[in-house]
Student: 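Mind looking over this structure? Questions follow.
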Amino acid sequence: MGKMMRLDKFLVEMNRGSRSQIKEAAKKGRIAVNGAVEKKTERKIDPDTDQVTFDGSLVSYRAMEYYMLYKPQGVVSATEDRKHRTVIDLLDGENRNDLFPVGRLDIDTEGLLLLTNDGDLAHRLLAPNKHVDKRYYAKISGTLPLDSVRQMAEGMTLEDGTPVKPAVLEILSVPVTLEPTTSDSDAMSDEARLTEVILTIQEGKFHQVKRMFEVLGCQVEYLKRLSMGPLELDPELEPGEYRPLTGAELALLP
Ligand code: URA
């Protein structure tokens, strides 16, 4: 016997409406369990063996699934794409077309991406009024203005006029400036010219991190998402790898 669950919870998870809508529908006799009309939505069912119908059609059970993916560069955060590999193509098994990424990372961005078939969770994490923090590690070229931390903290306006919410900029390392007399500065590797930062933003506007650094006159050369809300990218994952969320992580989700 599988895990027992409340009839209303089952129908909410299977996207048949909110708990109160389901209660209403049940009162009207629209829900049946194993062929018998059921008006008590708090009763328990076994989703693996009980047959639940809504308006006469069978509601088949699909468990909610949640995966943490280390998105590599070069794949798109979409379920289908004509040109590029998608994050769904990285998953083993065939029947994974119910899963979708929660939010997007650019094709050249890597890092944490949550994949699920739970549309309500996606909504809770992405709704603009929810302000779920996203932390990014970036390597940038150009020279950061002295007041960059303050500019980011005050909430800036992107070049096209879009305002963004306050963000937290932490500068991890800046390029070492060599004396002009040493010829080594010419030999300085491209990598050594980059500034390493962590930026925490509250929204997920198109190319947001890249556009915020553009306002400061800099360019993002490498971008990796480290966390999203309570979820942190598992350091054990390599780019392209994924794993189910743990019970502890699931408990942290909104
Ligand atoms: N900001 C960006 O510019 N790109 C991303 O992929 C994510 C945030």
Side-chain angles (χ1 to χ4, degrees), residues 3 5 9-10 12-15 18 47 61-81 84-138 164-165 167-168 197-212 220 222-254:
K3 191 177 67 164
M5 70 194 286
K9 183 169 193 292
F10 170 79
V12 169
E13 282 194 12
M14 297 308 110
N15 292 319
S18 66
Y61 184 55
R62 176 170 47 66
M64 290 293 162
E65 290 184 68
Y66 306 88
Y67 295 98
M68 171 184 294
L69 168 73
Y70 186 160
K71 177 196 170 302
Q73 294 181 344
V75 301
V76 292
S77 305
T79 50
E80 277 177 20
D81 193 273
H84 298 104
R85 280 214 304 164
T86 72
V87 289
I88 302 300
D89 296 333
L90 296 173
L91 305 178
D92 302 325
E94 287 136 50
N95 252 341
R96 298 331 328 250
N97 49 12
D98 57 320
L99 294 173
F100 57 87
V102 178
R104 286 178 181 236
L105 293 177
D106 297 335
I107 188 161
D108 59 351
T109 300
E110 58 179 54
L112 174 67
L113 196 64
L114 176 62
L115 302 174
T116 185
N117 49 12
D118 182 346
D120 293 335
L121 174 77
H123 179 75
R124 289 197 297 279
L125 282 169
L126 297 178
N129 58 343
K130 297 293 196 285
H131 311 315
V132 172
D133 280 351
K134 289 134 201 137
R135 273 177 93 228
Y136 292 88
Y137 167 83
V164 295
K165 295 209 153 52
V168 180
V197 297
I198 292 194
L199 185 69
T200 306
I201 60 173
Q202 307 177 36
E203 305 138 291
K205 294 187 197 289
F206 186 62
H207 296 333
Q208 182 164 339
V209 174
K210 293 174 184 165
R211 290 157 80 206
M212 289 174 81
V220 172
Y222 169 84
L223 189 59
K224 174 178 178 181
R225 180 153 64 193
L226 305 175
S227 68
M228 178 167 177
L231 291 183
E232 305 250 357
L233 180 63
D234 184 338
E236 299 289 312
L237 290 177
E238 298 287 338
E241 290 184 345
Y242 64 97
R243 63 153 173 80
L245 292 193
T246 63
E249 287 166 338
L250 287 171
L252 291 172
L253 293 177

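Quick note: numbers below take in every heavy atom, side chains included, and nothing from hydrogens, waters or symmetry partners.
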Student: Would you say L231 and L253 make side-chain contact, with heavy atoms under 4.5 Å?
Tutor: yes

Student: Evaluate side chain to side chain contact (heavy atoms under 4.5 Å, CB included) for T116 paired with F100, printing each intermediate quantity in order.
Tutor: CA-CA 6 Å; T116 185; F100 57 87; 4.1 Å; yes

Student: Could you tell me which non-hydrogen atom of P101 sits nearest to which non-hydrogen atom of T79, and how far apart they are?
Tutor: CD-CG2, 4.0 Å

Student: K9: what forms a side-chain contact (heavy atoms from CB on, under 4.5 Å) with it, not counting sequence neighbours?
Tutor: M5, R6, E13, R19

Student: With a 4.5 Å heavy-atom cut-off, do Y66 and V102 have their side chains touching?
Tutor: no

Student: What's the shortest heavy-atom distance between A167 and M212, and which atoms?
Tutor: CB-CE, 3.6 Å

Student: How long is the span from the CG atom in L126 to the CD atom in E203, to the nearest 0.5 Å?
Tutor: 12.5 Å

Student: Using the test side-chain contact (heavy atoms from CB on, under 4.5 Å), find all partners of D234 that sit at least two apart in sequence or belong to another chain.
Tutor: M68, E236, L237, R243

Student: Nearest 0.5 Å, what's the CD1-CZ distance between I198 and R135?
Tutor: 4.5 Å

Student: Flag the pair L115 / Y242 as yes when at least one side-chain heavy-atom distance between them is below 4.5 Å, and no otherwise.
Tutor: no

Student: Heavy-atom count check: over 12 atoms from other residues, nucleotides or ligands less than 6.0 Å from H123 NE2?
Tutor: no

Student: Go through it in stages, so that I can follow the logic: the residues are R225 and L113, the test is side chain to side chain contact (heavy atoms under 4.5 Å, CB included), and I'd like the CA-CA distance, side-chain angles, deciding distance and then a yes or no.
Tutor: CA-CA 8 Å; R225 180 153 64 193; L113 196 64; 3.4 Å; yes

Student: Side chains of V132 and P254: does their closest heavy-atom pair fall under 4.5 Å?
Tutor: no

Student: Output the distance between atom CG (L250) and atom CE (M64), rounded to the nearest 0.5 Å.
Tutor: 12.0 Å

Student: Taking atom types as modelled and ignoring hydrogens, do the side chains of E110 and Y70 form a donor-acceptor contact shorter than 3.5 angstrom?
Tutor: yes

Student: Taking only residues two or more places apart in sequence or in another chain, which ones pass side-chain contact (heavy atoms from CB on, under 4.5 Å) with D89?
Tutor: R85, T86

Student: So which atom in I88 and which in L99 form the shortest heavy-atom distance, rounded to 0.1 Å?
Tutor: CD1-O, 3.3 Å

Student: Looking at every heavy atom in both L223 and A138, which two are closest together, and how far apart are they?
Tutor: CD1-CB, 3.8 Å

Student: Between D108 and K210, is any pair of side-chain heavy atoms under 4.5 Å apart?
Tutor: yes

Student: Under a 4.5 Å cut-off applied to non-hydrogen side-chain atoms, are I107 and Q73 in contact?
Tutor: no

Student: If you count the non-hydrogen atoms of other residues, nucleotides and ligands that lie under 6.0 Å from CZ in R104, is the total more than 12?
Tutor: no

Student: Working note: V164 + I201, criterion side chain to side chain contact (heavy atoms under 4.5 Å, CB included); need CA distance, chi angles, decisive distance, verdict.
Tutor: CA-CA 9 Å; V164 295; I201 60 173; over 6 Å; no

Student: With a 4.5 Å limit on heavy-atom distance, are the side chains of L121 and L114 in contact?
Tutor: yes

Student: Could you tell me whether the side chain of S227 and the main chain of K134 form a donor-acceptor pair under 3.5 Å?
Tutor: no

Student: Find the distance between CG (L245) and CG (L252) and round it off to the nearest 0.5 Å.
Tutor: 9.5 Å

Student: Hey, what do you get for CG (L199) to CD (Q208), rounding to the nearest 0.5 Å?
Tutor: 8.0 Å

Student: Kindly determine whether V87 and Y67 satisfy side chain to side chain contact (heavy atoms under 4.5 Å, CB included), including the steps that lead there.
Tutor: CA-CA 11 Å; V87 289; Y67 295 98; over 6 Å; no

